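Take a look at the structure below.
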Amino acid sequence: MTLSIATWNINSVRLRIDLVTRFLEEHKPDILCLQETKCMNGQFPHGPFRKLGYDYHAINGQKGYHGVAILSRLPLQEEESLMFCEKPDARHGAALVTTPDGPLRIHNFYVPAGGDIPDVEANEKFAHKLGFLDEMRLWGQKEKQTKIPTVLVGDLNVAPLENDVWSHKQMLKIVSHTPMETERMLAAIQEGEWVDAMRHLIPEPEKVYTWWSYRAADWALANRGRRLDHIWVSPDLAPKLSDLTILREARGWERPSDHVPVIVRLEG
DNA sequence: ATGGTAGGACACCTA
């Protein structure tokens, strides 16, 4: 059997609901994980998703900021959202999906962006980001013992490898690619025994980007992208990784998100 | 070295 899972930082699910439904109609992933939904649970647009056969929703929203959602064509049970850094931010959601091959656990993350200054003294948002990554790493060490096939996705706001950015050298002091962040993320992958699905299917040194800034005059021409969105899988799923789609064209849709959807297929 | 754009909510925060 095959199962496809997509992740997309949508930067307001209500504003861009037509882009999400277009994406679902054209690509039909079994599961879609959204970040930055930017609305409270009571405001979440369930209707358009149900209309397309995505009947099962696990949502965790808050007013104005952050917010994550898991939408599925297969039945799911919502699981407890985790809290990081003792903040009530809606930055994580989880669900257990019932697949023909048995249960599959999904974790959907939205890691803090961390502000502009890569200094924990001068910038508390950066300190928060590093603290979040540390807690994520410790959590992952325990999570790997659950024995349930697991997929972790989301906007992790770190581009950990040299070819996850347009210029490694010029990005070393830019938040998202500093050694403080990349070392923490690589440690989290290693200690959690995660497989970086995107790099499993598209190894270095190929450039891979999922985000292009709104602030470029011409994002496609400059092509100064970063790989901020990730799909990690538990080792048992690694042999099933069969295809990866990064929907770059979605960055050129009308009133786009600055992130594009990433879809992975699990087969066999 | 700097400023560039976008969303939510309604003064200014977050990205």
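These values consider heavy atoms only, across backbone and side chains, with no hydrogens, waters or symmetry-generated copies. It should be emphasised that the depicted structure is a prediction, and the values quoted were computed from it without experimental measurement. Below, read A as the first sequence line, B as the second, and so on, with proteins coming before strands; counting in each chain starts at 1.
- Applying the ring pair (Phe, Tyr, Trp, His ring centres under 6.0 Å) rule to A:F44 yields the partners A:H46, A:F49; only residues at least two apart in sequence or on another chain are considered.
- Side-chain nitrogen and oxygen atoms of A:R255 include at least one within less than 4.0 Å of the OP1 or OP2 phosphate oxygen of B:dG7.
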Would you be so kind as to tabulate the donor-acceptor pairs closer than 3.5 Å made by side chains of residues 237-245 of chain A, with sequence neighbours excluded?
{"residue": "A:K240", "atom": "NZ", "partner": "A:G268", "partner atom": "O", "Å": "3.3"}
{"residue": "A:S242", "atom": "OG", "partner": "A:R265", "partner atom": "O", "Å": "3.2"}
{"residue": "A:S242", "atom": "OG", "partner": "A:E267", "partner atom": "OE1", "Å": "3.0"}

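- When the C1' atom of B:dA15 is taken as reference, atom CG of A:D116 falls 9 Å away, rounded to whole Å.
- Separation of the C1' atoms belonging to B:dC10 and B:dT14 is 15 Å when rounded to the nearest angstrom.
- Of the residues in residues 161-180 of chain A, not one comes within less than 4.0 Å of DNA chain B through any heavy atom.
- The salt bridge (charged side-chain N to carboxylate O under 4.0 Å, His left out) test applied to A:E254 returns no partner, not counting sequence neighbours.
- A heavy atom closer than 4.0 Å to some atom of DNA chain B occurs in A:K63, A:G64, A:Y65, A:H66, these being the qualifying members of residues 58-68 of chain A.
- Nucleotides B:dA15 and B:dG3, compared at atom C1', are 16 Å apart to the nearest Å.
- We find that CG of A:L19 is positioned 14 Å from P of B:dA6, with the value rounded to whole Å.
- Ring pair A:H66/A:Y110 is tilted by interplanar angle, where 30° to 60° counts as tilted.
- Every residue meeting the ring pair (Phe, Tyr, Trp, His ring centres under 6.0 Å) condition with A:H177, not counting sequence neighbours, appears here in chain and number order: A:H168.
- Taking atom CG of A:N11 as the reference point, atom P of B:dG8 lies 7 Å away to the nearest angstrom.
- For A:R91, a side-chain nitrogen or oxygen approaches OP1 or OP2 of B:dA15 to under 4.0 Å.
- Summarising the hydrophobic clusters (Ile, Leu, Val, Met, Phe, Trp, Tyr; side-chain heavy atoms under 4.5 Å, direct or chained), the residues clustered with A:W211 are A:L228.
- When all heavy atoms of A:R199 and A:E206 are compared, the closest pair comes out as NH1-O, 2.8 Å.
- The salt bridge (charged side-chain N to carboxylate O under 4.0 Å, His left out) check on A:E183 picks up nothing, with sequence neighbours excluded.
- Mapping A:P256 and A:N9 onto DNA chain B by nearest heavy atom places A:P256 at the nucleotide closer to the 5' end.
- Listed by first and then second residue, the side chain to side chain donor-acceptor pair (under 3.5 Å) pairs involving residues 115-126 of chain A amount to none (not counting sequence neighbours).
- A:D258 has its CG atom 12 Å from the C1' atom of B:dT14, to the nearest Å.
- The stretch residues 211-223 of chain A comes close to DNA chain B through A:Y214, A:R215, each having a heavy atom under 4.0 Å from the strand.
- A:M83 forms part of no hydrophobic cluster, judged by ILVMFWY side-chain heavy-atom separations under 4.5 Å.
- Note: NZ (A:K129) to P (B:dT14) measures 15 Å, nearest angstrom.
- Between A:C39 and A:D155, the residue anchored closer to the 5' end of DNA chain B is A:C39, taking for each the nucleotide with the nearest heavy atom.
- Summarising the geometry, the separation between CH2 on A:W253 and P on B:dA6 is reported as 18 Å, rounded to the nearest angstrom.
- Distance, A:K38 NZ to B:dA15 P: 9 Å, rounded to whole Å.
- Applying the side chain to side chain contact (heavy atoms under 4.5 Å, CB included) test to A:R73 and every residue at least two apart in sequence or in another chain returns A:K28, A:D30, A:Y54.
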